[in-house]
Engineer: 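Take this structure first; my questions come after.
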2 protein chains.
Amino acid sequence: MADIGSRSETRAPRKRVDARRNEEALLEAAAAAFIASGVDVPVRDIAARAGVGVGTIYRHFPTRADLIAAVYRHQVEASVEAGPALLADSDSPFTALTRWIDLFVDFLVTKHGLAEALQSDDAAFATLHAYFVDRLRPVCAELLDAAAEAGQIRSDIGALDLMRGVGNLCIGADKDPEYDARRLIGLLLAGLRLH
Amino acid sequence: MADIGSRSETRAPRKRVDARRNEEALLEAAAAAFIASGVDVPVRDIAARAGVGVGTIYRHFPTRADLIAAVYRHQVEASVEAGPALLADSDSPFTALTRWIDLFVDFLVTKHGLAEALQSDDAAFATLHAYFVDRLRPVCAELLDAAAEAGQIRSDIGALDLMRGVGNLCIGADKDPEYDARRLIGLLLAGLRLH
DNA sequence: CAACATACGGAACAATGTTCCGGTTTGCAA
DNA sequence: TTGCAAACCGGAACATTGTTCCGTATGTTG
């Protein structure tokens, strides 16, 4: 039987083209604005870059967290996929864990203010926090479990704890060149090892 | 030679009594407001508690950092004095270091938002950061050096790095009861040890 | 007690987040 | 193709908070 509604993707009465175009423009504008001014850039700035009104932002992305999540979704998914790959390619689970954490740190420190936003208790960032946890915790847990099972690390630290610690240690790493977050994260991982 | 200006403390032509009274009231009001709403409590709230206008706050404490520093000065100084005492009383330098860090953590997590403020790159908090570093770094360095000299820990981590890491790990510890900052800080210290 | 310096209070201004509504555009169906 | 209801748009308007400024009140001194 022929497809009733042309060859478009989803059901749902098809979004208006202007809405789709604006959403696209907003994602691009937000990405640029985040790089230029951090994830706390004023809403008005993003709207101006995208050439839309502030109302349009709130309509497409009710909270700042939604916008941030949308902008960085690709990279988060890449981290999700990197987990199993590292586990397969590395010579030990602990090495894989270390490498994965390194990717995670790269991600956090290159997005100005992301680490801060993730740890913030601001209700507006709750969904962002939830998104990161939902996607990344299982991956981190897998790496952690593998290393624990191999007897390389203690097994009394949860994935959430570790991610939280790493996230916290990344705060401010992009502002202060004197601060070497990786060094401290290395210490944290060293503290995890069994001897 | 006799003291020219009565038996008061400082030089400087003696402040007006209302000014001194307001400063006192502000310190008390700020301390209460910090406990109730964190160190980010709106300036107006503090002014209202103290029964003064906002202008009075800015006159006595030009930046929020000045006010915070004044409110917590006593406790910071207590931490400064605790360092040598712990070193003398503990059975090993590493134990002393651990205990001192514990005091430091206590201090940070009980002051809502203090850890965040300390790591913030906001220019308004620069002097607060500087005050903490000036007073506490030498103490931490002394403990760190003693432990390193005793061969208990590696010697390639500076006092500033450690304090920064501990401070970062304390962020959010007062909000989220699931998050156990001390556990991660324990890991960090474990990573410091030599075997 | 008078004159002066200092401090006070809060209105006014600025930056930013958030809501709301009149006007416009678009998708759909007759 | 044309008409229309629904969806969407832009930005004015409002709320919150930090910061400055100045006319007024108060303490201090001679």
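In the text below, chain A, chain B and the rest are named by the order of the sequence lines, each starting its count at 1. When reading the values below, keep in mind they use all heavy atoms of this one structure, side chains included, and skip hydrogens, waters and symmetry mates.
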Engineer: Is a salt bridge present between A:R182 and A:D102, judged by a nitrogen-to-oxygen distance below 4.0 Å?
Structural biologist: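 Salt bridge present between A:R182 and A:D102.
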
Engineer: Could you check which of D:dG27, C:dT26, C:dG17 has an atom nearest any side-chain atom of B:V17?
Structural biologist: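 My answer, after comparing the listed nucleotides, is D:dG27.
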
Engineer: Under 6.0 Å from the six-membered ring centre of A:Y131 and within 45° of its axis: does the NZ or CZ of A:R73 meet both?
Structural biologist: yes

Engineer: Nearest of D:dG27, C:dC8, D:dC9 to any side-chain atom of A:A19?
Structural biologist: D:dC9

Engineer: Less than 4.0 angstrom from a charged side-chain N to a carboxylate O is my criterion; do A:E23 and A:K15 meet it?
Structural biologist: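 Result for this pair is yes, salt bridge flagged.
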
Engineer: State which of C:dG17, D:dT19, D:dG11 makes the closest approach to the side chain of A:P42.
Structural biologist: C:dG17

Engineer: To the nearest angstrom, how far is B:L67 atom CG from D:dT17 atom P?
Structural biologist: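 From B:L67 CG to D:dT17 P: 17 Å.
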
Engineer: Strictly below 4.0 Å: does B:N22 bring a side-chain N or O up to OP1 or OP2 of C:dC8?
Structural biologist: yes

Engineer: Should the pair A:R193 and A:F94 be classed as cation-pi, given the thresholds of under 6.0 Å to the six-membered ring centre and 45° from the axis?
Structural biologist: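 Flagged: A:R193 positioned over aromatic ring of A:F94.
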
Engineer: For A:D18 and C:dT26, give me the distance from atom CG to atom P, rounded to whole Å.
Structural biologist: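 So the CG-P distance, A:D18 to C:dT26, works out to 6 Å.
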
Engineer: Quick one: on DNA chain D, does A:H60 or A:R44 contact a more 5' nucleotide (nearest heavy atom)?
Structural biologist: A:H60

Engineer: With a 4.0 Å cutoff (strictly under), does any side-chain N or O of A:T56 reach OP1 or OP2 of D:dG10?
Structural biologist: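 For D:dG10, OP1/OP2 do have a side-chain N/O of A:T56 under 4.0 Å.
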
Engineer: What's the closest nucleotide to the A:R16 side chain, out of D:dA7, D:dG11, D:dG10?
Structural biologist: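 The closest nucleotide is D:dA7.
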
Engineer: Classify the side chain of B:R20 and the base of D:dG27 as holding, or not holding, a donor-acceptor pair under 3.5 Å.
Structural biologist: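 No pair found.
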
Engineer: Without decimals, in angstroms, what is the distance between A:K15 NZ and D:dC9 P?
Structural biologist: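 The distance from NZ of A:K15 to P of D:dC9 comes to 10 Å, rounded to the nearest Å.
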
Engineer: Picking from C:dG9, D:dA12, D:dT20, which would you name as closest to the side chain of A:V54?
Structural biologist: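 Closest nucleotide to the A:V54 side chain: D:dA12.
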
Engineer: Using heavy atoms to find the nearest nucleotide of DNA chain D for A:G51 and B:R21 separately, return the residue whose nucleotide is more 5′.
Structural biologist: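 Here A:G51 is the residue nearer the 5' end.
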
